[in-house]
Amino acid sequence: MLQRPRGTRDFLPAEMEQRRSVENAMRRIAHTWGYREVCTPTFEELELFTLRSGEGIIEEMYVFEDKGGRKLALRPEVTASVLRAYVNVGKTLAKPLRWYYFADCFRYERPQKGRYRQFWQFGVELIGQDTPLAEAEVIMLAQDLLSASGITFTLHVGHLGFMRALLGGLAPEDQKKVRILLDKKNYDGLSAFLSSRGESGLSDRLTALVECRKLDDALAITGDMPGKERIRELFSILDQAGVPYTLNPGIARGLDYYTGMVFEAFAENLGAENQVAGGGTYRLAHLFGGEDTPSCGFAIGFDRVMVARGDIPGTPAVRVGVAHTPDARDWALHVAAAFRSAGILTESDLSGKNLSQQIASISRNADFALIIGRREQEKRSVTLKDLRSGTQKELSLAQAIAEVNGDDSCR
RNA sequence: GCCAGGGUGGGGUAGUUGGUUAUCCUAGGGGACUGUGGAUCCCCCGACCCGGGUUCGAGUCUCGGCCCUGGCCCCA
């Protein structure tokens with residue numbers, strides 16, 4: 001038997017309904033913040049991604065050549081595409097741009113819990129505004145979106161300025177090594193490494209900074225630093241707005257294109273892959289041939305949100321099944337059409353079996369049965385049977401629709 | 001790429017020291033039954049992940065691969 005490709009999934013209706021319900025909740029939230037959807041190609045020129053992240057990522061991408069010999073890649077994330085689109089077709093729009101996307105991405109990695117080779121991201125980019133308020137808005141929107149998804153999570157907010165203030169004296173290569181050691185909490189290794197660079201005093205200050213959870217303490221460690229007032233303002237906005245965040249000066253996000261604020265969100269009960277969102281302030285547009293443009297954004301790992309959320313049964317729509325005798329087919333079709341026009345989920349029995357069997361079949365998954373036989377057809381009426389109470393009555397079409405809709409609104 | 005544990009009908013399972021036609025539940029389909037309920041009866045569908053090896057004989061032992069689940073690495 002043919003198997004689906006490794007790291008991909010099939011979603012059956014029950015799961016798709018849950019996914020769509022969360023997706024729609026996120027869309028609604030983004031909409032109320034004034035963010036509008038964009039859609040970019042599923043595949044892009046390979047260079048778009050190597051420009052952003054270096055040649056190393058080719059190993060972890062789906063890369064292919066098309067029939068014209070172009071080097072292409074399935075998108076491993078969407079931010080690069082969105083910024084490319086901005087440079088290509090969006091740069092004359094009035095700033096700031098508030099954009100969001102919901103898109104599947106592809107990475108060639110070892111699948112595990114919350115990690116698949118095809119996965120979905122819900123992301124937001126705020127382009128062309130470089131203020132603490134803009135950064136705060138993006139964080140608050142992330143908070144709003146994750147809350148709406150129904151998961152419990154913690155939000156960690158940091159700023160690259162802290163670490164830069166301490167590491168400024170080191171060569172870029174050494175800075176990277178330090179960040180990796182810090183990220184792994186390998187403090188002995190860190191201390192040894194910094195001693196070898198004649199910076200032994202830095203080690204304690206760095207570890208203190210990474211563990212630090214109060215802004216004043218962090219600033220005390222870094223001393224005077226560029227952008228200090230701006231950082232104060234950002235966190236003051238978050239405090240004023242009551243955003244439940246944890247200060248985490250240790251977030252490095254490992255990437256060179258982040259320029260200031262960075263944040264991550266972690267969900268419970270997700271195992272090793274518990275990060276459900278990440279983002280920050282960055283600059284990318286100039287890499288793709290545009291003007292240097294400040295941007296801020298994040299992506300939510302939609303599949304991880306769904307795993308963290310667990311099964312939350314939705315309220316099923318009221319369902320109506322239509323049973324009919326062969327001589328009443330035309331009236332039955334008319335009745336079904338009228339119910340659907342009224343917005344009611346209406347399934348016609350297609351089997352042509354006798355009424356008894358049709359009703360038996362309908363009663364397995366519907367709330368009401370409509371029974372349409374010659375009697376009803378002649379009187380232009382319907383027999384509506386409430387399958388939960390077992391009661392039934394013969395009604396006009398309009399009355400029956402009102403009855404079912406009334407029941408629906410009580411749910 | 002690395003480590004560990006797994007893989008028997010669609011789902012869940014039994015399968016003894018290797019030994020008939022692989023068990024049971026459930027789901028699905030069909031029939032009996034043409035104006036009223038999920039019933040009943042009968043029938044059907046459908047599995048040992050794939051390939052090599054050992055053996056008279058492999059679901060069972062062995063090797064390789066694939067896939068799944070955790071974890072490591074990575075994480076744009």
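- Within 4.0 Å of A/Gln121, counting heavy atoms only, lies no atom of the nucleic acid at all.
- Each of A/Gly114 and A/Asn365 was assigned the nucleotide of RNA chain B with the nearest heavy atom; the assignment lying further toward the 5' end belongs to A/Asn365.
- Crowding of A/Tyr62 atom OH: a count of heavy atoms from other residues, nucleotides or ligands under 6.0 Å exceeding 12.
- Each of A/Phe122, A/Phe298, A/Tyr35 was evaluated against A/Tyr100; a single residue qualifies, A/Phe122, per the ring-ring contact (aromatic ring centres under 6.0 Å, His included) test.
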Do any N or O atoms of the protein come closer than 3.5 Å to N or O atoms of nucleotides 67-69 of chain B, and which pairs are they?
{"from": "B/C68", "atom 1": "OP1", "to": "A/Gly7", "atom 2": "N", "distance (Å)": "3.1"}
{"from": "B/C68", "atom 1": "OP2", "to": "A/Arg6", "atom 2": "NH1", "distance (Å)": "2.5"}
{"from": "B/U69", "atom 1": "O4", "to": "A/Arg110", "atom 2": "NH2", "distance (Å)": "2.8"}

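- Distance, A/Asn274 CG to B/G70 P: 14 Å, rounded to whole Å.
- On the P atoms, B/C63 is 42 Å away from B/G28, given to the nearest whole Å.
- No option in A/Glu264, A/His156, A/His159, A/Glu211 other than A/His156 meets the side chain to side chain donor-acceptor pair (under 3.5 Å) test with A/Asn248.
- In this structure, CG of A/Asp367 is placed 17 Å from P of B/G38, rounded to the nearest angstrom.
- At the heavy-atom level, A/Ile362 lies nowhere under 4.0 Å from the strands shown.
- One atom, CD of A/Gln377, and another, P of B/G35, lie 16 Å apart when rounded to the nearest Å.
- A/Glu60 comes within contact range of at least one nucleobase, with a heavy-atom separation under 4.0 Å.
- Separating the CG atom in A/Leu93 from the OH atom in A/Tyr86 is a distance of 8.5 Å, to the nearest 0.5 Å.
- The glycosidic torsion of B/U34 lies within 90° of 0, placing the base in the syn range.
- Geometric assessment of A/Arg388 against the ring of A/Phe368 yields a positive cation-pi assignment under the 6.0 Å and 45° thresholds.
- Distance, A/Lys353 NZ to B/U34 P: 13 Å, rounded to whole Å.
- B/A76 and B/G71 have their C1' atoms separated by 22 Å, with the value rounded to a whole Å.
- Under a cut-off of 6.0 angstrom, the local environment of CD in A/Glu47 is sparse, with at most 12 non-hydrogen atoms contributed by other residues, nucleotides or ligands.
- Of the P atoms belonging to B/G29 and B/G18, the separation is 42 Å, rounded to the nearest Å.
- Taking for each of A/Arg375 and A/Ala366 the nucleotide of RNA chain B with the nearest heavy atom, the 5'-most of the two is the partner of A/Arg375.
- Side-chain contact check for A/Gln358 and A/Ser351: no donor-acceptor pair (N or O, by modelled atom type) lies under 3.5 Å.
- Atom C1' of nucleotide B/A76 and atom CZ of A/Phe263 are separated by 15 Å, given to the nearest angstrom.
- Heavy-atom distances under 4.0 Å link RNA chain B to A/Pro76, A/Glu77 of residues 74-82 of chain A, given in residue order.
- Going from the C1' atom of B/U8 to that of B/C48 covers 4 Å, rounded to whole Å.
- In this model, no side-chain donor or acceptor of A/Gln358 finds a partner on the base of B/U36 within 3.5 Å.
- In the model, A/Glu135 has a side-chain atom that pairs as donor or acceptor with a side-chain atom of A/Thr281 under 3.5 Å.
- Using atom P as the reference point in both B/C42 and B/U21, the two lie 26 Å apart (nearest Å).
- Remark: C1' of B/G1 and CD1 of A/Ile58 are 17 Å apart, rounded to the nearest angstrom.
- For the pair A/Ile359 CD1 and B/U36 P, the interatomic distance rounds to 8 Å; values are reported in whole Å.
- Proximity of A/Cys296 to A/Glu125: side-chain heavy atoms (C-beta onward) are nowhere separated by under 4.5 Å.
- B/G5: Watson-Crick or G-U partner is B/C68, with both key distances under 3.5 Å.
- In this structure, A/Arg115 atom CZ and B/C73 atom P are separated by 10 Å, rounded to whole Å.
- As judged by a 4.0 angstrom heavy-atom cut-off over every strand, A/Gln357 is placed among the base-contacting residues.
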